[in-house]
Amino acid sequence: MKIRRIISGLIVGVSLISFIGCGDKKTYDIKFNPSSGEEYSATSIIKMDATAKGQKLAIDANVKCNIKYVDVSKDEITEEMKYDDFDMNMNIGGAISVEINEDNDMFKDVISELKSSKITVTVDREGNVLTYDIEGGEALKSKADSLNLISKDSAFSVDNACMLENIKVKEGEEIIIPLDKLLGKDTENKLGVNFEDSKLIGKVKSIKNNVAEINFNIDSMKLGENDATLKDFKCNMKVNVKTGITENINVNAKLEGSIEGTIDIKNTMKKK
């Protein structure tokens, strides 16, 4: 009798462990839907070292900001953003090196002004910037424009909020996402490559506690009609299936062909 009870207990225990260990098997249709008034700390680290059309382009950027979602509607998202830190080093052609931060007298004032100002941005469901306003008036806005800090194509202007909009995810199944949504138009423009027709196929590793972990591992992929190839592409991303916010993303990739180089991107979004 005792042996039966022990065996029964073990079976129940194993069953419970198996049940608890299983991920979420439901299908989620991702919609960007944070509650109005929610605030997040966002960090973006971008490192790019490439040679395109014989010209070297190196970028090392670290951007930190606070984002508050003022209004989230069916068609548009309005957010308020404040920079906490902005530090970017650029090397163009191997000869021109620029440091954009508060330590550089050339950019000290504009970065300081931006950090003390509130930026209001409205984007559509594709992540395109529709309107933006900067406290400080047109003079500060003009300075920000000249640095490409706030634009439809800037990697540093807004969080990549709508990355997986209208994409269905289910644990263990494949997911397809356009490359330009993942890497951003700014990367596309700087490299002079059209990502528009390039699709990435990944797999949903797990969905636990409302967070989907998705992996992309691609050995080689031709970039549209360009004479360039994406090699050894690895991406791990974690997306909240309830809010649609990409909480964490890490990208590592090589480029070969008409463009030679590497791209590394690390972004995080943490609710305050």
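- Looking at V251 and F233, their side chains come closer than 4.5 Å, going by heavy atoms from C-beta outward.
- N104 is linked by a side-chain hydrogen bond (donor to acceptor under 3.5 Å, both in side chains) to nothing, counting only residues two or more places apart in sequence or in another chain.
- Between T262 and M48, the closest side-chain pair of non-hydrogen atoms is not below 4.5 Å.
- Looking only at atom types and distance, the side chain of T243 has no donor-acceptor partner in the side chain of N33 under 3.5 Å away.
- K64 meets the salt bridge (charged side-chain N to carboxylate O under 4.0 Å, His left out) test with no other residue; sequence neighbours excluded.
- Shown here are the side-chain contact (heavy atoms from CB on, under 4.5 Å) partners of T122, two or more places apart in sequence or in another chain: E76, T78, L130, T131.
- For residues 236-249, no pair satisfies salt bridge (charged side-chain N to carboxylate O under 4.0 Å, His left out), with sequence neighbours left out.
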Quiz item: Does the pair L57 and N91 meet the rule for a side-chain contact (heavy atoms from CB on, under 4.5 Å), with working shown?
Solution: CA-CA 6 Å; L57 174 63; N91 187 292; over 6 Å; no
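- Here the CD1 atom belonging to I119 is positioned 10.5 Å from the CD1 atom belonging to I67, to the nearest 0.5 angstrom.
- Residues forming a salt bridge (charged side-chain N to carboxylate O under 4.0 Å, His left out) with E80 (at least two apart in sequence, or on another chain): K118.
- Here I45 sits alone; no ILVMFWY side chain lies under 4.5 Å from its own, so it joins no hydrophobic cluster.
- Counting heavy atoms from C-beta on, the side chains of L255 and I263 come closer than 4.5 Å.
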Self-check item: Derivation of the side-chain contact (heavy atoms from CB on, under 4.5 Å) call for Y28 and I207
Solution: CA-CA 10 Å; Y28 291 89; I207 301 178; 4.0 Å; yes
Quiz prompt | side-chain contact (heavy atoms from CB on, under 4.5 Å) between I111 and I100, worked out | solution = CA-CA 8 Å; I111 298 297; I100 304 176; 4.1 Å; yes
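- In terms of the side-chain hydrogen bond (donor to acceptor under 3.5 Å, both in side chains) criterion, D71 has no residue partners (sequence neighbours excluded).
- Of all the heavy atoms in Y83 and C65, the pair that sits closest is CA-CB, 4.0 Å.
- Partner of V241 under the side chain to side chain contact (heavy atoms under 4.5 Å, CB included) criterion, chosen from T27, V211, N210: N210.
- Residue pairs meeting the salt bridge (charged side-chain N to carboxylate O under 4.0 Å, His left out) criterion with at least one partner in residues 258-272, sequence neighbours excluded, are E38-K271.
- Under the salt bridge (charged side-chain N to carboxylate O under 4.0 Å, His left out) criterion, D84 pairs with no residue at all, not counting sequence neighbours.
- Between P34 and Y69, the closest side-chain pair of non-hydrogen atoms falls below 4.5 Å.
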Quiz item: Step by step, would you call N248 with T268 a side chain to side chain donor-acceptor pair (under 3.5 Å)?
Solution: CA-CA 4 Å; N248 187 282; T268 60; 5.8 Å; no
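- When all heavy atoms of K82 and S116 are compared, the pair lying nearest together is NZ-O, 4.2 Å.
- Under a 4.5 Å side-chain heavy-atom cut-off, the cluster of Ile, Leu, Val, Met, Phe, Trp and Tyr residues that includes I201 is completed by I176.
- None of I175, N250, I214 except one satisfies the side chain to side chain contact (heavy atoms under 4.5 Å, CB included) rule with M237; the exception is I214.
- S97 is not listed as a side-chain neighbour of N89, based on a closest heavy-atom distance of 4.5 Å or more.
- Residues Y40 and V70 do not share a hydrophobic cluster, defined by chaining ILVMFWY side chains whose heavy atoms lie under 4.5 Å apart.
- With sequence neighbours excluded, the residues that form a salt bridge (charged side-chain N to carboxylate O under 4.0 Å, His left out) with E102 are K115.
- With hydrogens and angles disregarded, a donor-acceptor distance shorter than 3.5 Å links the side chain of R125 to the backbone of F32.
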Self-check item: Test side-chain contact (heavy atoms from CB on, under 4.5 Å) applied to V63 and D85, step by step
Solution: CA-CA 6 Å; V63 181; D85 193 20; over 6 Å; no
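- For N215, the side-chain hydrogen bond (donor to acceptor under 3.5 Å, both in side chains) criterion is met by N236, not counting sequence neighbours.
- There is a path of hydrophobic side-chain contacts, each under 4.5 Å, that joins I167 to V123.
- Between F86 and N62, the closest side-chain pair of non-hydrogen atoms is not below 4.5 Å.
- Across A42 and M269, no two heavy atoms sit closer than the pair CB-SD, 3.4 Å.
- Shortest non-hydrogen contact noted between E171 and S206 is OE1-CA, 3.6 Å.
- Residues V204 and A212 share a closest heavy-atom pair of CG1-CB, 4.5 Å.
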